[in-house]
Amino acid sequence: MAIQSPKGTKDMLPQDSATWQWIEQTMREEAALAGYQEIRTPVFEYTELFERGVGDTTDIVQKEMYTFLDKGERSITLKPEGTAGAVRAFVEGKLFAGALPVKVYYLNAPIFRYENPQSGRLREHHQFGMECFGAKEPTADTEVIASILHILHRLGLRDLGTHINSIGCPVCRPGYHQALKEYLHQHFDQLCPVCKDRFDKNPLRILDCKEEQCIRVTQNAPLTLDHLCEECDQHFKSLKELLTAQGIAFKVNPKIVRGLDYYTKTVFEITMQTSRGELALCGGGRYDGLIQEIGGPAMPGVGFGIGTERIIMELTNQGIPLPQVSVSDVFVAHLGEEALVPAFTLAQALRRGQIKADSDHGKRSLKAQFRFADKLGVKLMVIVGGDEMSRGVVKVKDMASGEETEVALDQAVPYIQAKLNENKEEARHG
RNA sequence: GUGGGUGUAGUUCAGUGGUUAGAGCGCCAGAUUGUGGCUCUGGAAGUCGUGGGUUCAACUCCCAUCACCCACCCCA
């Protein structure tokens with residue numbers, strides 16, 4: 001049996017590369033417009049980074065990390081999310097000492113979580129993320145939300161849900177936890193077994209449970225929004241105003257909790273509709289305590305991560321046409337073995353002339369070369385045959401019109417350049 | 001971790017115990033002796049996931065096992 005890719009991983013095959021590159025290009029451009037620069041951090045980090053950053057009571061840390069000991073007995077973990085690594089690099093690179101805020105993005109960083117794969121869920125997936133370090137104002141929250149929505153809009157996606165919430169800060173959270181636990185305690189018997197377990201460890205997570213019995217209990221549970229301190233309340237109000245002023249439609253969803261412990265104040269999700277309900281495309285929020293937790297100065301931050309595979313899933317769901325790129329614009333066919341090298345040489349010359357050109361490496365029949373070239377989607381076919389070679393010419397055939405022209409071999413490159421430009425012009429005006 | 005489904009040609013799939021396991025698409029060739037798409041004709045291509053069992057006979061029934069897909073939980 002042939003070796004397969006590991007469970008939950010997926011190859012990006014050549015037929016998908018144009019789609020990925022198009023998405024990446026859009027992300028780069030939109031991030032640059034907002035003043036974000038690229039950052040790349042290692043695929044693996046010391047496990048402690050995620051235990052401290054993401055939080056050791058979260059599902060991610062407790063059961064979903066790819067953790068192993070390296071040969072030096074150090075505990076290593078493959079990135080289960082993008083923010084902690086970016087924050088670590090920000091602190092280690094002492095970027096906090098320079099001009100603030102520092103705004104960075106990471107492009108399709110591989111993210112690993114040990115889960116059972118299914119539709120829209122992989123063990124390795126890729127995330128684009130934007131992080132703004134050193135700005136506590138809600139304009140920063142608005143900026144990152146607006147950027148990702150612009151990206152999704154430019155890709156052609158519509159009807160996505162933007163959900164926001166505020167989960168408070170270390171000032172207001174203890175009071176909220178107490179209120180929530182008091183409430184849940186009265187209905188403890190009605191909770192699902194998993195949530196009974198969560199009660200002590202992470203009561204906030206119970207709000208996110210989808211078990212019917214728990215939804216019934218949590219319907220009337222106290223909300224973080226009703227227990228915000230003055231500062232958090234103002235921040236959230238201001239965020240809502242800013243979003244509205246930017247023309248961004250959103251819904252306040254007081255049940256959004258997020259699966260990472262570092263969030264403070266703003267949390268948000270951008271969701272898509274699937275046959276099985278809503279699925280998060282993008283998740284993010286504010287993390288005003290994280291930079292300090294990781295050993296940096298007390299400094300606020302806000303950002304998000306978005307899964308590229310899920311973007312592609314949604315592009316497909318919405319039937320949005322994906323970019324098709326012709327592999328080659330010109331194919332140089334040889335006729336007879338003696339023409340093989342001259343055809344190859346001409347293809348090389350075309351490439352030096354900035355033309356995407358290809359030729360046959362084998363001894364295929366002219367017909368087979370035509371069929372192959374047709375599948376590549378070439379615009380022009382060049383035929384190098386014995387008859388033409390003896391007269392120092394080649395034939396150039398326009399694949400769309402079928403029209404054939406004889407061209408002197410030493411004029412072939414400029415002729416083809418001109419011909420392709422002409423076609424391009426026609427396409428633009430037609 | 002728990003439950004459901006599916007494994008047959010390169011691929012998508014048909015095939016409910018009985019000759020030599022089929023089809024569409026793809027691939028190769030011919031019709032067109034130097035020309036693609038459309039059409040027609042022909043051809044190559046299979047350890048029927050793997051291991052065991054029942055049977056005169058197994059792709060088909062039974063058991064085990066592996067892989068993949070889907071769902072729950074949680075998330076991107």
Side-chain angles (χ1 to χ4, degrees), chain A residues 1-10 54 58-65 79-83 108-129 148 152 192-195 197-198 202 205-206 208-212 214 256-260 267-272 274-284 304-314 331 333-336 339 362 364-389 394-404:
Chain A
M1 170 110 81
I3 295 171
Q4 298 172 306
S5 79
K7 189 182 175 87
T9 66
K10 238 180 147 179
V54 176
T58 60
D59 279 356
I60 290 180
V61 170
Q62 282 191 335
K63 52 183 202 192
E64 293 176 0
M65 295 205 304
K79 270 194 244 187
E81 57 91 52
T83 301
N108 284 337
I111 300 291
F112 303 87
R113 287 185 208 161
Y114 193 86
E115 300 182 274
N116 269 337
Q118 56 188 273
S119 175
R121 176 193 290 164
L122 296 161
R123 286 184 174 179
E124 181 197 39
H125 73 280
H126 299 83
Q127 283 190 19
F128 166 75
I148 188 54
L152 297 172
C192 75
V194 182
C195 283
D197 193 48
R198 285 169 175 150
N202 207 341
R205 295 237 62 87
I206 299 175
D208 211 25
C209 186
K210 280 159 193 148
E211 289 287 331
E212 208 177 309
C214 296
I256 294 181
V257 172
R258 308 284 312 141
L260 305 122
V267 290
F268 66 92
E269 286 182 359
I270 295 168
T271 61
M272 55 182 180
T274 70
S275 52
R276 294 278 168 180
E278 283 196 310
L279 191 66
L281 242 176
C282 173
F304 67 82
I306 182 159
T308 303
E309 283 86 351
R310 286 194 180 175
I311 293 178
I312 294 173
M313 190 179 174
E314 183 61 7
F331 192 92
H334 69 273
L335 191 61
R364 281 193 282 194
S365 70
L366 186 61
K367 183 185 280 214
Q369 293 179 71
F370 260 88
R371 266 201 280 263
F372 180 72
D374 198 53
K375 266 168 202 144
L376 294 185
V378 307
K379 299 176 180 76
L380 298 176
M381 195 76 182
V382 180
I383 300 136
V384 181
D387 178 38
E388 288 84 355
M389 275 187 350
V394 293
K395 270 187 185 155
V396 178
K397 178 171 180 173
D398 186 306
M399 289 296 266
S401 67
E403 186 186 319
E404 270 186 27

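Excluded from the calculations below are hydrogen atoms, water molecules and symmetry mates; all remaining heavy atoms, backbone and side chain alike, are included.
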- A:Lys379 meets the salt bridge (Lys or Arg N to Asp or Glu O under 4.0 Å) criterion, sequence neighbours left out, with A:Asp329
- How does protein reach along nucleotides 35-43 of chain B, written 5' to 3' as B (base within reach of a heavy atom under 4.0 Å), S (only sugar-phosphate), or - (no contact)? BBB------
- Who pairs with B:U60 - Watson-Crick or G-U, where each distance is under 3.5 Å: none
Under 3.5 Å, which protein N or O atoms sit close to an N or O of nucleotides 10-13 of chain B? Give each pair with its distance.
none

- Pairing partner of B:U65, by Watson-Crick or G-U wobble and under 3.5 Å for both distances, is B:G49
- Item | Test side-chain contact (heavy atoms from CB on, under 4.5 Å) applied to A:Val378 and A:Phe372, step by step | CA-CA 9 Å; A:Val378 307; A:Phe372 180 72; over 6 Å; no
- Query: Can you tell me how far C1' in B:C59 sits from the matching atom in B:A21, rounded to whole Å?
  - Reply: 8 Å
- Item | d(CZ, A:Arg123; P, B:C75) in whole Å | 18 Å
- With sequence neighbours left out, write down each residue that passes side chain to side chain donor-acceptor pair (under 3.5 Å) with A:Glu64, or none if nothing qualifies. none
- Query: Any donor-acceptor pair under 3.5 Å joining the side chain of A:Glu115 to the base of B:A76?
  - Reply: yes
- Residue met sooner reading RNA chain B from 5', once A:Asp59 and A:Pro117 are mapped to nucleotides: A:Pro117
- Query: Using purine N1 to pyrimidine N3 plus N6-O4 or O6-N4 for Watson-Crick, or N1-O2 and O6-N3 for G-U wobble, each under 3.5 Å, what pairs with B:C13?
  - Reply: B:G22
- Message: Just to be sure I understand the rule, does A:Arg113 reach a base, reach only the sugar-phosphate, or reach nothing, if contact means heavy atoms closer than 4.0 Å?
- Response: base
- Task: Indicate, with a heavy-atom threshold strictly under 4.0 Å, whether A:Gly120 touches base, sugar-phosphate, or nothing.
- Result: base
- Using a 4.0 Å heavy-atom cut-off across all strands, classify A:Leu279 as base, sugar-phosphate, or nothing. base
- Rounded P spacing from B:A76 to B:G15 in Å: 42 Å
- Listed partners of A:Gln118 passing side-chain contact (heavy atoms from CB on, under 4.5 Å), at least two apart: A:Arg121
- N/O donor-acceptor pair, side chain A:Arg121 with base B:C70, under 3.5 angstrom: no
- Could you give the distance separating B:U54 and B:C69 at their P atoms, to the nearest angstrom? 35 Å
- Message: Among residues at least two apart in sequence or on other chains, which ones pass ring pair (Phe, Tyr, Trp, His ring centres under 6.0 Å) with A:His126?
- Response: A:Trp20
- Query: With a 4.5 Å limit on heavy-atom distance, are the side chains of A:Glu269 and A:Arg258 in contact?
  - Reply: yes
- Message: Between A:Gln118 and B:A71, is there a contact of a side-chain N or O with OP1 or OP2 at under 4.0 Å?
- Response: yes
- Query: Who does B:A29 pair with, Watson-Crick or G-U, both distances under 3.5 Å?
  - Reply: B:U41
- Query: With a non-hydrogen cut-off below 4.0 angstrom, is A:Leu122 in contact with a base, only sugar-phosphate, or nothing?
  - Reply: base
